[in-house]
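Letters go in sequence order (proteins before strands), and every chain restarts at 1. Note that this is a predicted model, so its numbers are computed, not measured. FYI, side chains are in, hydrogens and waters are out, and symmetry mates aren't considered; it's all heavy atoms of this structure.
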Amino acid sequence: MINSKKDTKPNLESNYDEMRARLLHWYDSEGRTLPWRIRPEDRAAGKNADPYAIWLSEIMLQQTTVAHGTPYWHKFLNEFPTVTDLANAERETVLSLWAGLGYYARARNLHKCAVIIRDDYNGQFPNSEAELLKLPGIGAYTAATMAAICFDEATNIVDGNVERVISRIFTIEEPLPKGRKDIRKMAGALASPQRTGDYGQALMDLGAMICTPRSPNCSKCVWQDYCSAFAAKTQLEYPKKAPKKSLPIRYGVVFIAIRGEAVLLETRPDNGLLGGMLGLPGTDWAEGGFPTDPMNHAPFKGDWQAVNGEVRHVFTHFDLRLAVYRAVFDEKDISIGHNGLWADSSQRKGLPTVFKKALKAI
DNA sequence: GAGCCGTGGTA
DNA sequence: TTACCAAGGCT
């Protein structure tokens with residue numbers, strides 16, 4: 001449902017060229033400086049974006065703030081200067097370096113994709129949106145953005161920022177996620193066929209810096225004249241979203257077995273939550289309260305002592321409360337199974353945040 | 001297509 | 001504290 005109140009809407013289509021020009025001009029003078037980004041003046045001087053560096057940034061910034069992801073981008077580029085270096089690394093090394101960034105399927109797919117680029121693409125990323133889309137971890141957004149930034153393909157870049165801007169400009173009434181269809185259509189009609197990569201990044205910058213979710217700075221917006229939501233003073237109502245369900249609470253127990261400076265960890269199953277990552281041994285995490293028989297889930301018998309308090313951690317689709325037990329062991333011959341590992345402090349850096357919290361609780 | 005999949009910052 | 005949000009992709 002686009003422009004349901006047709007009589008109150010300006011005729012935007014005749015203004016598209018002016019809108020593109022204003023946005024690109026704003027980007028050239030006030031867009032963000034990001035370490036992987038080639039500024040327009042550099043590109044004019046013949047400098048091209050490195051697809052590997054752009055790919056790394058795009059994967060890392062999926063559902064992740066620039067502030068949180070940027071240190072990881074530097075770390076990965078320093079550790080793995082080329083995509084072949086990344087492919088040649090052990091997967092567990094890659095997952096360990098990813099620890100703390102979240103959405104760990106991204107790290108599994110990152111390494112899988114690097115191997116494909118090394119083995120099937122001669123170490124070079126394919127140069128079209130359609131080919132990029134075939135690679136693991138690269139979806140509609142990332143393929144469109146890489147193709148535009150790296151290969152100047154005229155794609156339709158739509159991320160969360162663009163959704164917000166476009167939904168306000170055109171007052172898209174259909175709530176997300178169904179409203180994405182209309183938003184994509186309008187974004188595609190408006191997208192610039194020239195400087196397509198800069199245009200996409202400019203629109204994302206506009207969303208991140210000006211057309212923000214809670215306090216948009218409309219007085220500084222180069223599209224204010226064309227914004228239906230601004231005209232109606234309804235900016236904060238967009239994008240309209242379907243109501244969210246409250247998070248259920250899951251409960252679990254983890255065991256911290258200590259031997260000298262080492263702590264027992266285990267590698268989690270490859271699929272599902274925190275798949276392939278290191279973790280503490282313990283129970284499943286389920287609704288309905290803490291397990292009534294925690295000792296039955298201990299990795300082995302011992303003098304397990306309950307740690308005061310509980311560890312709380314919020315995941316995307318549930319709220320977790322963990323009870324923590326600890327015990328100290330002297331024996332050198334405790335059987336820890338094939339997934340077990342007596343991990344030193346360096347190895348513990350490869351733990352997802354939820355387990356680092358549990359270790360910090362003792 | 002709706003549910004699954006992390007974490008840290010902010011109001 | 002609670003709720004929402006941030007450069008999505010996969011199944």
Sugar-phosphate, base or nothing in reach of A:R164, heavy atoms under 4.0 Å: sugar-phosphate
Which residue lies more 5' along DNA chain C, comparing A:R214 with A:V66 via nearest heavy atoms: A:R214
Proximity to DNA chain B (any heavy atom under 4.0 Å), residues of residues 91-117 of chain A only: A:G100, A:L101, A:G102, A:Y103, A:Y104
A:Y141 and A:Q62: CA distance, side-chain angles, deciding distance, side-chain hydrogen bond (donor to acceptor under 3.5 Å, both in side chains) verdict: CA-CA 9 Å; A:Y141 162 76; A:Q62 288 168 5; over 6 Å; no
More than 12 heavy atoms of other groups within 6.0 Å of A:K240 NZ: yes
Whole angstrom value for the distance that separates C1' of B:dG6 from CZ of A:F318: 10 Å
Between B:dT7 (C1') and A:L351 (CG): distance, integer Å: 15 Å
Interatomic distance, A:H317 NE2 vs C:dT11 C1' [rounded to whole Å]: 14 Å
Spacing of the C1' atoms in C:dA6 and B:dC5 (rounded, Å): 15 Å
C1'-based separation of B:dG3 from C:dA7 [nearest Å]: 22 Å
Sugar-phosphate only, base, or nothing, as touched by A:W36 at under 4.0 Å among non-hydrogen atoms: base
Sugar-phosphate, base or nothing in reach of A:G272, heavy atoms under 4.0 Å: sugar-phosphate
Nearest-neighbour nucleotide for the A:L273 side chain, C:dG9, C:dC5, B:dC5 considered: B:dC5
Out of C:dA7, B:dG6, C:dA6, whichever nucleotide has its closest atom nearest the side chain of A:T65: C:dA6
Between C:dG9 (P) and A:L133 (CG): distance, integer Å: 9 Å
Residues in side-chain contact (heavy atoms from CB on, under 4.5 Å) contact with A:Q347, at least two apart in sequence or another chain: A:L341, A:A343, A:D344
Sugar-phosphate only, base, or nothing, as touched by A:T316 at under 4.0 Å among non-hydrogen atoms: base
For atom CG of A:D270 and atom C1' of B:dC5, their distance in whole Å: 14 Å
Residue pair A:T196, A:D198: steps toward the side-chain hydrogen bond (donor to acceptor under 3.5 Å, both in side chains) verdict: CA-CA 6 Å; A:T196 173; A:D198 287 341; over 6 Å; no
Pairing of A:K134 and A:D120 as salt bridge, 4.0 angstrom limit: no
Pair A:D182 + A:K185: basic N to acidic O under 4.0 Å: no
Residues A:Q201, A:R37; criterion side-chain hydrogen bond (donor to acceptor under 3.5 Å, both in side chains); working and verdict: CA-CA 9 Å; A:Q201 293 175 96; A:R37 185 177 276 182; 3.0 Å; yes
B:dG6 OP1/OP2 closer than 4.0 Å to side-chain N/O of A:H313: no
Sugar-phosphate only, base, or nothing, as touched by A:K241 at under 4.0 Å among non-hydrogen atoms: sugar-phosphate
d(CD, A:E163; C1', C:dA6) in whole Å: 12 Å
Touch class at under 4.0 angstrom, heavy-atom based, for A:K245 against every strand present: sugar-phosphate
Atom pair distance, as rounded to whole Å: CG in A:L236 and C1' in B:dA11: 13 Å
Test log, rule ring pair (Phe, Tyr, Trp, His ring centres under 6.0 Å), inputs A:H313 and A:F315: CA-CA 7 Å; A:H313 191 75; A:F315 288 90; 4.9 Å; yes
Spacing between A:R37 atom CZ and C:dA7 atom P, to the nearest angstrom: 12 Å
Donor-acceptor pair under 3.5 Å, A:T142 side chain vs C:dG9 base: no
Residue whose closest nucleotide on DNA chain B lies nearer the 5' end, A:R250 versus A:K178: A:K178
Sugar-phosphate only, base, or nothing, as touched by A:L203 at under 4.0 Å among non-hydrogen atoms: nothing
Other residues, nucleotides, ligands: >12 heavy atoms within 6.0 Å of A:N308 CG: no
Touch class at under 4.0 angstrom, heavy-atom based, for A:A140 against every strand present: sugar-phosphate
Most 5' of A:S246 and A:G137 on DNA chain C, judged by nearest nucleotide: A:S246
Distance test, side-chain N/O of A:Q62 to OP1/OP2 of C:dG8, below 4.0 Å: no
